[in-house]
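As structure tokens, the structure follows; a few thoughts come after it.
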Protein chains: 2
Amino acid sequence: MPQWRASSWSKDTALMGQSARWRMTVAYRGTMFHGFAKQPGMQTVAGELADALQRITQEETSPLIVCAGRTDAGVHAIAQVIHVDLVDPLPSTRDGERGPDELRHSLNRQLGGDISIIDAVKVSPEFDARHSARWRRYRYLILEGATPNPLLAELAWHVSEPMDVRAMAQASGAVIGSHDFRCFCRKVAGTTSAEPIVRLVTHASVDVVDTSESFDLFGGRLIRFEIQASAFCHQMVRSIAGQLVEIGRGRSNGADIVALLHSQSREGAAQPAPSHGLCLVGVGYGPEAGLPKGPISP
Amino acid sequence: MPQWRASSWSKDTALMGQSARWRMTVAYRGTMFHGFAKQPGMQTVAGELADALQRITQEETSPLIVCAGRTDAGVHAIAQVIHVDLVDPLPSTRDGERGPDELRHSLNRQLGGDISIIDAVKVSPEFDARHSARWRRYRYLILEGATPNPLLAELAWHVSEPMDVRAMAQASGAVIGSHDFRCFCRKVAGTTSAEPIVRLVTHASVDVVDTSESFDLFGGRLIRFEIQASAFCHQMVRSIAGQLVEIGRGRSNGADIVALLHSQSREGAAQPAPSHGLCLVGVGYGPEAGLPKGPISP
């Protein structure tokens with residue numbers, strides 16, 4: 001396997017000197033980061049990615065990383081999509097196809113395991129990870145059982161009470177469609193609560209994951225909530241997950257979701273579920289994005 | 001749910017004043033600890049357990065925790081077994097069966113997720129977590145694939161080269177039976193390499209875990225090595241796992257395992273696999289241990 005080091009990239013950069021847009025699919029363990037967005041003095045996903053790319057390209061300025069869906073502190077991703085403009089480190093005149101894989105391997109070596117680059121492709125400059133995205137899909141995991149599982153402590157919210165999964169699944173259907181989601185969103189700074197926050201949810205489901213092969217849950221169950229929408233507002237998935245857990249516990253019901261959506265107010269809504277159960281699992285793009293591959297999904 | 005605090009336990013302790021032996025099944029995420037055994041100034045599983053128990057019982061001395069299989073730094077467990085003698089904090093005159101569950105819940109609240117008590121049972125003083133154990137079972141997980149998975153970074157060893165799982169499975173059979181395992185053990189301090197280290201392996205297998213429901217492995221596979229023996233010597237499972245990965249990569253074969261066992265020397269053996277892929281998954285006891293339940297297994 002050829003080893004690319006910073007010095008070899010640097011030489012090629014000097015040869016090429018042209019900027020190109022890259023799309024990358026990225027996975028990360030949110031536990032390790034203060035969210036996606038770069039923040040001074042904080043360990044963030046964008047910050048680590050930018051640092052690793054800057055070490056490889058040896059450019060003077062840190063590259064700007066644009067993502068499909070900003071994730072909060074503690075939130076994971078298995079298929080975040082980003083774009084970044086790099087002064088082309090790849091000599092296209094030799095082994096055209098080998099380059100992207102080497103950039104990916106070089107990045108993965110730098111990132112050391114808590115962030116992982118699944119693919120890296122040169123794309124048209126019109127592609128925008130955020131604005132070209134047609135949908136995002138999130139998963140929220142709940143471990144239901146008397147005994148917490150240390151091996152899943154970072155990946156699922158442990159709820160010790162038994163839950164009615166069928167009631168949760170039925171109630172989840174109430175968010176499908178185009179609704180004003182103010183009741184399940186944190187208000188954006190500088191906006192008033194009078195402004196509607198309309199989002200189109202195209203999928204919502206609750207089921208029990210078959211973990212028989214991969215995890216011993218000490219008699220418990222792993223409950224999975226998945227939701228897909230054109231876009232989300234801040235804390236939307238965690239707020240709906242929190243409401244669904246209240247429904248599973250029998251303290252709320254599907255009609256409450258309908259009433260909350262009509263109320264256009266957070267009053268009476270459940271607390272948002274904790275961030276560590278949440279994972280961004282897919283982002284979809286249309287053909288106009290000029291992607292060499294079809295939509296990305298988990 | 002009744003909440004037991006240190007003060008209520010303390011009152012009962014004063015009422016009872018009798019010592020009883022407890023057996024507990026314990027799970028933990030090894031990443032967080034410098035191994036099982038208590039070490040001054042280090043965060044260890046036994047140290048955390050002893051501290052939590054001392055806070056609950058309010059005894060002056062820290063209780064001694066004896067385990068079935070000491071695990072190294074980074075090694076996980078889903079079914080470690082311990083025994084500990086506690087001045088009985090449970091008033092047996094009322095709700096005899098409720099007490100152990102409350103001790104368990106109280107401990108789990110104190111331990112905060114990285115260690116979990118799966119069960120806690122009062123047992124005969126003849127029961128000894130270490131000496132009564134008839135077998136131990138370990139699992140070693142290997143993630144084979146081009147892309148590391150951040151969500152499994154702490155639980156599986158990532159190997160980027162493709163592996164021949166059938167060759168690994170066949171070779172694993174060579175360790176079954178009673179052998180001198182010096183070639184796969186770290187020498188115990190104060191012993192010479194001339195002393196045989198005989199262990200009886202009753203099960204060894206390699207297979208691919210079906211993760212389709214629970215993990216997206218980005219095209220990779222999760223390979224599971226499981227081994228059960230009367231007892232293990234230090235680094236035995238990790239050394240065999242390291243050898244099996246060399247076999248999977250085509251750099252060694254089953255005959256090498258037979259030759260290594262005959263050689264009674266570590267020379268030529270593979271490097272031990274890293275600790276974070278290893279997990280203690282079960283311990284078995286016979287009926288003479290006076291256990292209220294049958295053998296413990298994952």
Side-chain angles (χ1 to χ4, degrees), chain A residues 1 25-33 45 76-80 101 104-105 108-109 111-119 139 141 143 145-156 158 160-161 207-220 222 224 276 279 281-282 297-298, chain B residues 1 25-33 45 76-80 101 104-105 108-109 111-119 139 141 143 145-156 158 160-161 207-220 222 224 276 279 281-282 297-298:
Chain A
M1 203 190 303
T25 309
V26 183
Y28 46 87
R29 192 149 55 106
T31 324
M32 313 308 286
F33 305 101
V45 178
H76 317 285
I78 58 171
Q80 172 74 279
D101 260 359
R104 186 167 74 79
H105 287 305
N108 280 337
R109 274 193 301 274
L111 293 165
D114 289 321
I115 305 176
S116 177
I117 309 294
I118 299 166
D119 61 31
R139 178 178 70 198
L141 292 179
L143 172 60
T147 309
N149 185 328
L151 303 191
L152 287 177
E154 290 182 350
L155 303 179
H158 177 238
S160 53
E161 293 140 86
D207 65 355
V208 176
V209 184
D210 176 5
T211 61
S212 53
E213 270 281 291
S214 40
F215 278 108
D216 190 295
L217 301 180
F218 318 127
L222 196 59
R224 167 176 53 194
H276 67 276
C279 185
V281 296
S297 74
Chain B
M1 202 191 302
T25 310
V26 183
Y28 46 86
R29 193 151 53 107
T31 324
M32 314 307 287
F33 305 101
V45 178
H76 318 285
I78 57 169
Q80 172 72 280
D101 260 0
R104 187 167 74 79
H105 287 305
N108 280 336
R109 274 193 301 275
L111 293 165
D114 289 321
I115 305 177
S116 177
I117 310 294
I118 299 165
D119 62 29
R139 179 178 69 199
L141 292 180
L143 172 60
T147 310
N149 185 327
L151 302 190
L152 286 176
E154 291 182 348
L155 304 178
H158 177 238
S160 54
E161 292 140 87
D207 65 356
V208 176
V209 184
D210 177 5
T211 61
S212 52
E213 269 282 291
S214 40
F215 279 108
D216 190 295
L217 301 180
F218 318 127
L222 196 59
R224 168 175 52 195
H276 68 275
C279 184
V281 296
S297 74

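Convention: sequence-line order gives letters A, B, ...; per-chain numbering from 1.
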For each of A:F218, A:F215, A:Y28, tally heavy-atom pairs with chain B at distances under 4.5 Å, and name the one with the top tally.
A:F218
Which region of A:I115, side chain (C-beta onward) or backbone (N, CA, C, O), has a non-hydrogen atom less than 4.5 Å from a non-hydrogen atom of chain B, or is it both or neither?
backbone
For A:V208, is it the side chain, the backbone, both or neither that has a heavy atom under 4.5 Å from a heavy atom of chain B?
backbone
What is the minimum heavy-atom distance between A:T147 and B:I117, and which atoms define it?
CG2-O, 3.7 Å
Less than 4.5 Å to any heavy atom of chain A: does that hold for the side chain of B:A27, its backbone, both, or neither?
both
Tell me which of these, A:E154, A:H158, A:R104, has more heavy-atom pairs under 4.5 Å with chain B than the rest.
A:E154
Is there a donor-acceptor pair closer than 3.5 Å between any side-chain N or O of B:N149 and the backbone N or O of B:L217?
no
Using non-hydrogen atoms only, which part of A:D210 is less than 4.5 Å away from chain B: side chain, backbone, both, or neither?
both
Taking only residues two or more places apart in sequence or in another chain, which ones pass side chain to side chain donor-acceptor pair (under 3.5 Å) with B:D114?
B:R29
Using the ring pair (Phe, Tyr, Trp, His ring centres under 6.0 Å) criterion, which residues pair with A:F33? Sequence neighbours excluded.
none
Contacting moiety of A:I118, where chain B heavy atoms sit under 4.5 Å
both
Check the pair B:R224, A:E213 against side chain to side chain contact (heavy atoms under 4.5 Å, CB included), reporting the backbone distance first and the verdict last.
CA-CA 10 Å; B:R224 168 175 52 195; A:E213 270 281 291; 3.4 Å; yes
Do the side chains of B:T31 and B:H76 get nearer than 4.5 Å, heavy atoms only?
yes
